[in-house]
Amino acid sequence: MTGWSASDIPDQSGRTAVVTGANSGIGYVTARELARRGARVVLACRSVERGTRALEQLRSDVPSAEAEFRRLDLGDLRSVRDFAASYDRDGEGDGLDLLINNAGVMALPYRQTADGFEMQFGINHLGHFALTGLLLPRLLRTPGARIITVSSAFHALANIDMGDLNSARGYRRWVAYCRSKSANLLFVHELARRLAARGSGVVAAAAHPGYAQTNLTAAAPRMEGRKVAERVMWLGNRVLAQPATTGALPTLYAATAPGVRPDSFTGPRVLGWQGAPGKSWRAKWTLDDTAGARLWSASVGLTGVEYGALRA
């Protein structure tokens, strides 16, 4: 793993990858590098304008790319179901090799999804929980399939609150963000456990980018019209953060490197902040079987996605 870079990605010819939030930042780099190595990539993004523009940019960056844009709004469970249903309707073969649960929002002012969930929990966790469950039958019948969910080192600052998943008793934006990232890791832990119990070879693992240059940090100030705060976030990205090309490496490693273990957590090696990918520390509560089962049950109840394929 020492010094691992995008040039070490194995050949991905014949493989298909769905990357959520692939219109910019780490998601775009992930999709681009998978396409560069021969994968067929599906850019799953909320904005038609930004998704189409990203697809054009990808085809410019990688002229040989086999890629397409499909609209997916993780803040709307109807959109998630429509995405999965359209994927099946179009008869794109039986398998899906890689699902990269990358999209997310960070430290937003209080907002609700179309289904009434607190937006960070709703998009970062519930939307991806539903998407994974709906696409799981394809993944299960694909040898070597992987599900990679992007969390954050910030997960360590707040455990989930099973009694208040939607922050109904009081909203603190950074606490809600950190809890949603803990939920990502707890979801991966429980998914890996259930896949193993079924005897499946599908690998469910997690990654995080460290501090990378993305649009996430400036999104909240921009939404609130706080120009000074937006500028500070932009400067912090320019001065302190590593580029998205480096921030995407842990995701790409988890998705493609040989020997990646289920329920592993990959991040930058230098203090979890920057550098080549390596094994990342995670909070003990993200490895709790009881908490994982409780979050899973609550997520099924909230989304209506039951993961019937894991009961077969």
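- When each of L136, L72, V305, T303 is paired with L131, the side-chain contact (heavy atoms from CB on, under 4.5 Å) condition holds for L72 and for no other.
- No continuous path of hydrophobic side-chain contacts links W285 to L157 [ILVMFWY only; heavy atoms under 4.5 Å].
- Side-chain contact annotation: S86 with R70, donor-acceptor N/O pair under 3.5 Å present.
- Both L135 and V300 belong to a common hydrophobic cluster when Ile, Leu, Val, Met, Phe, Trp and Tyr are linked at side-chain heavy-atom distances under 4.5 angstrom.
- Results of the side-chain contact (heavy atoms from CB on, under 4.5 Å) test with D73 over S47, S79, C45 single out S79 as the only residue that passes.
- One distance of note links CG of D76 with CZ of R81; it measures 11.0 Å at 0.5 Å rounding.
- Inter-residue side-chain proximity for Y87 and V42 is flagged as met; some heavy-atom pair is nearer than 4.5 Å.
- Side chain to side chain, H128 and T20 meet the donor-acceptor criterion of an N or O pair below 3.5 Å.
- Taking the charged nitrogens against the carboxylate oxygens, R194 and E190 do have a contact shorter than 4.0 Å, which makes a salt bridge.
- Panel note: side chain S182, backbone A158; a donor-acceptor pair is recorded below 3.5 Å.
- Contact detail for S280 and G267: the closest heavy-atom pair is CB-N, 3.7 Å.
- Atom CG in D263 sits 10.5 Å away from atom CG in L195 (nearest 0.5 Å).
- Looking at S297, its side chain never comes within 3.5 Å of a backbone N or O of R294 through a donor-acceptor pair.
- Using modelled atom types, one side-chain atom of T52 and one backbone atom of V48 make a donor-acceptor pair closer than 3.5 Å.
- Hydrophobic clustering (side-chain heavy atoms under 4.5 Å, transitive across Ile, Leu, Val, Met, Phe, Trp, Tyr) keeps V62 apart from V18.
- Counting all heavy atoms, side chain and backbone alike, P137 lies closest to A309 at CG-CB, 4.2 Å.
- In this structure, a donor-acceptor pair under 3.5 Å is present between the side chains of N124 and S180.
- With salt bridges taken as basic N to acidic carboxylate O contacts below 4.0 Å, none links R111 and E118.
- Follow the hydrophobic side-chain contacts under 4.5 Å out from I100 and you reach L43 in the same cluster.
- Criterion: ILVMFWY side-chain heavy atoms under 4.5 Å apart, direct or through other members. Under it, V150 and L249 are not part of a common hydrophobic cluster.
- A salt bridge links E33 with R36: the closest approach of a Lys/Arg side-chain nitrogen to an acidic carboxylate oxygen falls below 4.0 angstrom.
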Checking N166 against Q112 for the side chain to side chain contact (heavy atoms under 4.5 Å, CB included) test, could you report, in this order, the C-alpha distance in whole Å, the side-chain angles of both residues, the deciding distance, and whether it holds?
CA-CA 9 Å; N166 280 299; Q112 289 186 336; over 6 Å; no
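- Across every non-hydrogen atom of A254 and A206, the tightest pair is CB-O, 4.4 Å.
- I148 is not listed as a side-chain neighbour of L98, based on a closest heavy-atom distance of 4.5 Å or more.
- When T132, V203, V188 are each tested for a side-chain contact (heavy atoms from CB on, under 4.5 Å) with I147, only one passes: T132.
- D82 has no carboxylate O lying under 4.0 Å from a charged side-chain N of R71, or vice versa, which leaves the two without a salt bridge.
- For the residue pair H155 and W281, the shortest heavy atom distance occurs at CE1-O, 4.1 Å.
- A donor-acceptor pair under 3.5 Å links the side-chain atoms of Q12 to the main chain of P10, judged by distance alone.
- Side chain to side chain, N101 and T149 meet the donor-acceptor criterion of an N or O pair below 3.5 Å.
- A side-chain donor-acceptor contact under 3.5 Å links D161 to the backbone of G163.
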Could you give me the CA-CA distance, side-chain angles and deciding distance for S299 and H125, then say whether side chain to side chain donor-acceptor pair (under 3.5 Å) is met?
CA-CA 9 Å; S299 301; H125 170 62; 2.8 Å; yes
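- Listed for the T286 side chain is a donor-acceptor partner under 3.5 Å among the backbone atoms of A283.
- With rounding to the nearest 0.5 angstrom, the OG atom of S167 is 12.5 Å from the CZ atom of R173.
- The main-chain N or O of A67 is found under 3.5 Å from a side-chain atom of R59 such that the two form a donor-acceptor pair.
- Taking a 4.5 Å side-chain heavy-atom cut-off between Ile, Leu, Val, Met, Phe, Trp and Tyr, the cluster of L185 extends to F265.
- Atoms CG and CG, on L139 and L134 in that order, are 11.5 Å from each other to the nearest 0.5 Å.
- Summarising the hydrophobic clusters (Ile, Leu, Val, Met, Phe, Trp, Tyr; side-chain heavy atoms under 4.5 Å, direct or chained), the residues clustered with L126 are L77, F117, F121, I160, M162, L165, L186, L295, L302.
- Counting all heavy atoms, side chain and backbone alike, R146 lies closest to Y253 at NH1-O, 4.0 Å.
- No hydrogens or angles considered: a donor-acceptor pair under 3.5 Å links the side chains of Q120 and Y171.
- Checked for salt-bridge contact, R37 and D8 miss the test: no charged N lies under 4.0 Å from a carboxylate O.
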As a quick check of understanding, evaluate side chain to side chain contact (heavy atoms under 4.5 Å, CB included) for W4 and I9, giving each step before the final call. CA-CA 9 Å; W4 194 92; I9 297 172; 3.7 Å; yes
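- Using the six-membered ring where Trp is involved, W296 and F129 have ring planes that are perpendicular, over 60° apart on the 30 and 60° scheme.
- Inter-residue side-chain proximity for P209 and P268 is flagged as unmet; no heavy-atom pair is nearer than 4.5 Å.
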Listed pairs under 3.5 Å, donor-acceptor, residues 25-32 side chains, sequence neighbours left out:
{"from": "Y28", "atom 1": "OH", "to": "Q57", "atom 2": "O", "distance (Å)": "3.4"}
{"from": "Y28", "atom 1": "OH", "to": "L58", "atom 2": "N", "distance (Å)": "3.2"}
{"from": "Y28", "atom 1": "OH", "to": "D61", "atom 2": "OD2", "distance (Å)": "2.5"}
{"from": "T30", "atom 1": "OG1", "to": "I26", "atom 2": "O", "distance (Å)": "2.8"}

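- T16 approaches D97 most closely through the heavy-atom pair N-OD2, 2.8 Å.
- Rounded to the nearest 0.5 Å, atoms CZ (R282) and OG (S151) are 8.5 Å apart.
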For H189 and D288, what are the C-alpha separation, side-chain angles and deciding distance, and is it a side chain to side chain donor-acceptor pair (under 3.5 Å)? CA-CA 8 Å; H189 178 68; D288 186 312; over 6 Å; no
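- Distance check, rounded to the nearest 0.5 Å: CG of L34 to OG1 of T256 gives 7.0 Å.
- By the 30° and 60° cut-offs, the orientation of the rings of W174 relative to F154 is tilted.
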